[in-house]
Amino acid sequence: MFGPGSLEVFIVFIVIGLPVLCVTFLIALFFSRRGKREKDRTQWNEETRIMQEMHDDMARMEERIEALETILMERFGKDKQ
């Protein structure tokens, strides 16, 4: 069925070719996922920045509401007297 030397070719393929193919596949997989991780990291950084801005805006809004409450309390306090 197989000629002389075909066993040696098969063994060489198993010992050298198969590991080379596997390593090549793993390297390609690593690089394809690295791009996705960087994209995820960029998206996470953007979401973090947005959340920080929202927190700062809410803190400013809270200060403004407290100032308005103070103004209203002063006005209504004077009207009652």
Gln52, Glu46, Met51 screened by side-chain contact (heavy atoms from CB on, under 4.5 Å) with Thr48, the one that passes: Gln52
Under 3.5 Å donor-acceptor pairs involving side-chain atoms of residues 11-33, not counting sequence neighbours:
{"residue": "Thr24", "atom": "OG1", "partner": "Val20", "partner atom": "O", "Å": "2.7"}
{"residue": "Ser32", "atom": "OG", "partner": "Ala28", "partner atom": "O", "Å": "3.4"}
{"residue": "Ser32", "atom": "OG", "partner": "Leu29", "partner atom": "O", "Å": "2.8"}

Atom pairs and distances, side-chain donor-acceptor, residues 58-71, under 3.5 Å, sequence neighbours left out:
{"residue": "Arg60", "atom": "NH1", "partner": "Asp57", "partner atom": "OD1", "Å": "3.2"}
{"residue": "Arg60", "atom": "NH2", "partner": "Asp57", "partner atom": "OD1", "Å": "3.2"}
{"residue": "Thr70", "atom": "OG1", "partner": "Glu66", "partner atom": "O", "Å": "2.9"}

Who passes side-chain hydrogen bond (donor to acceptor under 3.5 Å, both in side chains) against Glu53, sequence neighbours left out? Arg49
